[in-house]
Amino acid sequence: MIIRVAILSLPIRRSFDYLPIQESQKEENYPAGIRVKVPFGRQQRVGIVIEVLQSSSIPEDKLKPILNILDSKPLLPPILHKLMLYSANYYHHHIGEVYESALPVLLRRGKAATEEMINLYCATTTGDSDKNQLELKRAPRQKLLLDILQQHPDGMSSESIRDVFSNWNSPMAGLIKRGLVIKRSEAIECSSIKEQSETYSNILKEQPLTLNSEQQRAVDLSHHLPLLLQGVTGSGKTEVYLQIIQRVLESGKQALLLVPEISLTPQTVQRFRDRFNIYIVLLHSKVSDSERLNGWLQARNGEAGIVIGTRSAIFTPLKYPGVIIIDEEHDGSFKQQSGFRYSARDIAVLRGREEKIPVILGSATPSFESLYNVTTKKYLQLPLTMRAGGAKPPQLSLIDVRSRKMRNMLSSPLLEKIHEHLSNNGQVLLFLNRRGYAPVLLCHHCGWSAVCERCDINYTYHQQRKKLICHHCGSERPKPQQCPECGSSGVKTIGAGTEQIEEALQNNFSETSIARIDRDTTSKKGALDRKLEQIHSGDNQILLGTQMLAKGHHFPNVTLVAILDADGGLFGSDFRSSEQMGQLITQVSGRAGREKRHGEVVIQTHNPDHPLLITLLKAGYPAFAEVAMNERKLAQLPPYSRLALIRADAIDPQITIKFLSEVSVIALQLTTTDNTIEILGPVPSPMEKRAGRYRAQLLFQSTQRKALHTLLETLTIKVDKLKSARKVRWSLDVDPMDML
Ligand code: ADP
Ligand code: ZN
Ligand code: ZN
């Protein structure tokens with residue numbers, strides 16, 4: 001008996017054969033999908049049993065026995081294991097890498113599949129006795145921490161403390177020493193969702209809203225095909241999700257909701273907690289490893305009624321699967337961009353079919369792929385056209401900035417509008433998708449510009465940190481006082497990012513408080529939440545930000561939204577640029593006038609006659625999508641064809657091209673009788689250099705998915721055997737999101 005094992009955390013696209021353990025020779029001890037510990041070189045590794053074979057191509061005396069069996073049952077239910085195999089096949093990735101993406105990190109490392117104990121810190125006293133006050137006078141941080149803990153009588157986990165209190169370790173140690181806090185370990189006790197839905201006569205904590213007819217129809221039809229819920233921002237999609245989930249919970253089943261990382265805010269989660277008396281699990285990047293393992297197990301054991309997570313949560317096993325909902329389905333973050341490059345949205349649809357449960361895709365701006373699937377009757381489209389609660393749609397207009405005097409990207413008509421809205425007590429939101437102070441630093445005297453040597457692209461100047469930062473590879477260096485080429489002191493910035501706009505706004509609106517939201521101002525934990533809170537309480541009248549501001553947030557008092565630069569998206573180098581521009585403008589616009597107040601959106605552009613922009617403005621996203629999709633159709637680009645991209649990089653550009661040329665020769669040989677597949681390249685990538693490595697790519701395009709798939713299957717096996725493949729880093733991206 002031979003056991004084939006996929007080893008985790010190993011960048012090798014193959015499995016390895018092992019012998020069974022001496023004492024455990026029965027085949028039933030090795031079901032596919034359990035973890036085993038195996039010897040690998042001088043190390044021990046965790047692997048997944050893929051299958052049991054009768055023989056191996058390797059002589060038996062060369063094979064080593066497995067060291068340990070880590071699970072008695074497969075980690076994943078059979079349907080999910082099947083989904084792993086299918087995904088490995090579809091994306092031409094090794095099953096080990098697929099499992100790697102699906103499992104919580106502690107399971108990958110070989111931890112037992114049992115819940116981790118969580119440390120809870122509890123205050124031992126509730127009031128502030130005089131003694132405490134006295135003792136803590138000289139330890140204000142301890143006092144502060146104790147105050148927080150006293151507000152949580154059930155105790156707080158280290159994660160939740162860290163959210164609200166930085167560097168808490170030493171004051172905590174002080175409190176424990178004083179006996180004011182005790183630490184206990186416990187596993188969360190929880191009953192299954194079946195019991196929860198029976199025990200709670202009412203799983204509802206608050207009454208649902210009365211749906212309008214469109215919303216009601218969506219809830220009623222949710223058992224149908226994959227449902228594309230296309231609702232403008234504020235049309236009540238979340239309410240539809242809530243009521244679909246309610247039905248699922250009432251029938252004793254579980255719901256899985258996927259959202260982009262950026263919109264998984266406390267407010268989003270709170271809406272679900274407020275509605276249901278049910279155990280909710282969160283799975284996202286800020287959840288600790290133990291919490292993630294616990295959440296995963298609680299989902300698998302049927303204890304979590306709702307699982308809310310980001311991309312990788314799509315692989316969460318559910319004991320009683322009821323529904324999968326993907327919110328903001330068009331969002332790029334659902335596609336993994338490294339390693340196993342899967343689309344969580346596409347896998348969700350597949351999983352829904354396998355598990356025979358409904359899948360709901362929601363968006364104000366559906367992806368062209370999903371709209372295409374509506375036309376081929378794979379999805380059922382349900383529009384929500386009305387803004388729930390009677391809010392009116394915002395009014396959109398262009399500001400033609402050609403030959404206008406602009407200072408820091410603010411035209412005078414825009415400045416007037418901002419004044420007008422502020423004086424009417426409205427909040428103003430300005431959107432610019434470029435952080436930092438300026439994207440270019442240039443010598444006015446000789447033309448030298450600050451370029452990242454590792455990437456060949458301009459450094460972005462960050463004024464607050466007085467640094468040049470490469471947004472491509474992250475490298476930094478101080479800003480030169482003089483031009484390193486000619487010594488002139490005429491070094492100037494060109495163009496503007498959010499940091500500079502903030503400065504300009506402060507000069508123009510000195511009385512008004514401004515909130516800037518981008519990766520630089522929100523990198524500290526909890527910073528984004530604090531900023532959002534300030535905005536909601538009305539402290540900040542002007543909000544300025546990158547796409548972090550564009551998604552998912554509710555700003556009821558915003559009456560003016562301004563898009564400072566719409567031109568980038570019109571002429572972007574990627575075939576999805578215009579789709580993304582249309583989505584972004586629509587999403588940002590959706591932030592205006594969500595409640596009773598009327599909203600206005602202005603867009604600054606140098607191309608006021610651009611047909612796509614005009615269609616978007618006059619006729620909205622659906623009409624825009626139709627026109628833009630037609631362009632894709634003419635060019636035979638997705639969704640009207642399938643793409644696969646082989647990317648490669650190396651220190652020497654010639655090695656990369658040589659490798660890809662060899663790949664392309666093999667591919668040409670394999671397709672001599674097939675004229676449905678086009679092979680384009682190899683060419684240097686649009687961003688050729690990154691972090692000192694040269695990148696190039698080879699593109700495959702076909703209208704026949706099957707043919708392309710068959711080619712890739714043979715091709716990847718042959719490529720693995722190429723000598724030149726060992727000198728480069730290469731990857732295969734099926735259905736790539738971009739070609740950068
Ligand atoms: P979306 O998710 O599409 O942006 P939401 O579900 O967040 O929309 O709804 C926007 C606002 O409208 C929320 O404040 C919500 O409470 C309210 N709302 C949604 N549906 C209804 C309804 N049927 N009746 C009244 N208010 C509603
Ligand atoms: Zn110079
Ligand atoms: Zn760089």
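Not measured: the values here are computed from a predicted model. Just so it is clear, the values below take in all heavy atoms, side chains as well, and ignore hydrogens, waters and symmetry mates. When a ligand or atom number is given, it counts from 1 through the structure's own listing order. Residue numbers count from 1 along this sequence.
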Original post:
What are the two closest non-hydrogen atoms of E499 and Q463, and how far apart are they?
Top reply: OE2-N, 3.1 Å
Original post:
Mind checking whether the Zn ion (ligand 3) has an N, O or S of H472 under 2.8 Å?
Top reply: no
Subject >> Rounded to 10 degrees, the angle SG of C473 makes with SG of C455 at the Zn ion (ligand 3) >> reply: 100°
Original post:
Do S363 and H330 have a side chain donor and acceptor closer than 3.5 Å?
Top reply: yes
Subject >> Over 12 foreign heavy atoms within 6.0 Å of CD, Q534 >> reply: yes
**OP:** Answer with yes or no after comparing the ring centroid distance for F555 and H536 against a 6.0 Å cut-off, counting only values under it.
**Re:** yes
Original post:
Just distances here: any N/O of G236 and N/O of ligand 1 closer than 3.5 Å?
Top reply: yes
Subject >> Residue portion contacting ligand 1 (non-hydrogen atoms closer than 4.0 Å) for R271 >> reply: side chain
Original post:
Is there a donor in the side chain of Y461 and an acceptor in the side chain of Q500, or the other way round, less than 3.5 Å apart?
Top reply: no
**OP:** Rounded to the nearest 10 degrees, what's the angle SG of C452 makes with SG of C470 at the Zn ion (ligand 3)? Could you check?
**Re:** 110°
**OP:** Please determine if D738 and R647 form a salt bridge, counting it only when a charged side-chain N lies under 4.0 Å from a carboxylate O.
**Re:** yes
Original post:
Hey, does G231 sit under 4.0 Å from ligand 1 if you only count heavy atoms?
Top reply: no
**OP:** Consider only side-chain N and O atoms of S367 and E579, and report whether a donor and an acceptor are under 3.5 Å apart.
**Re:** no
**OP:** Taking both backbone and side-chain atoms into account, decide whether H445 has an N/O/S atom under 2.8 Å from the Zn ion (ligand 2).
**Re:** no
**OP:** Mind checking whether L209 contacts ligand 1 via backbone (N, CA, C, O), side chain (CB onward), both or neither, at a 4.0 Å heavy-atom cut-off?
**Re:** side chain
**OP:** Tell me, please, if H471 has any N/O/S atom, main chain or side chain, under 2.8 Å from the Zn ion (ligand 3)?
**Re:** no
Subject >> Contact atoms of ligand 1, heavy-atom distance to T210 under 4.0 Å >> reply: 22 (C), 23 (N), 24 (N)
Original post:
Is any N, O or S atom of H444 under 2.8 Å away from the Zn ion (ligand 2)?
Top reply: no
**OP:** Run the numbers for me: atoms of ligand 1, each under 4.0 Å from some heavy atom of L211, listed by number.
**Re:** 23 (N)
Original post:
Do the side chains of C446 and E485 get nearer than 4.5 Å, heavy atoms only?
Top reply: yes
**OP:** Compute the angle centred on the Zn ion (ligand 2) spanning SG of C486 and SG of C446, and express it rounded to 10 degrees.
**Re:** 110°
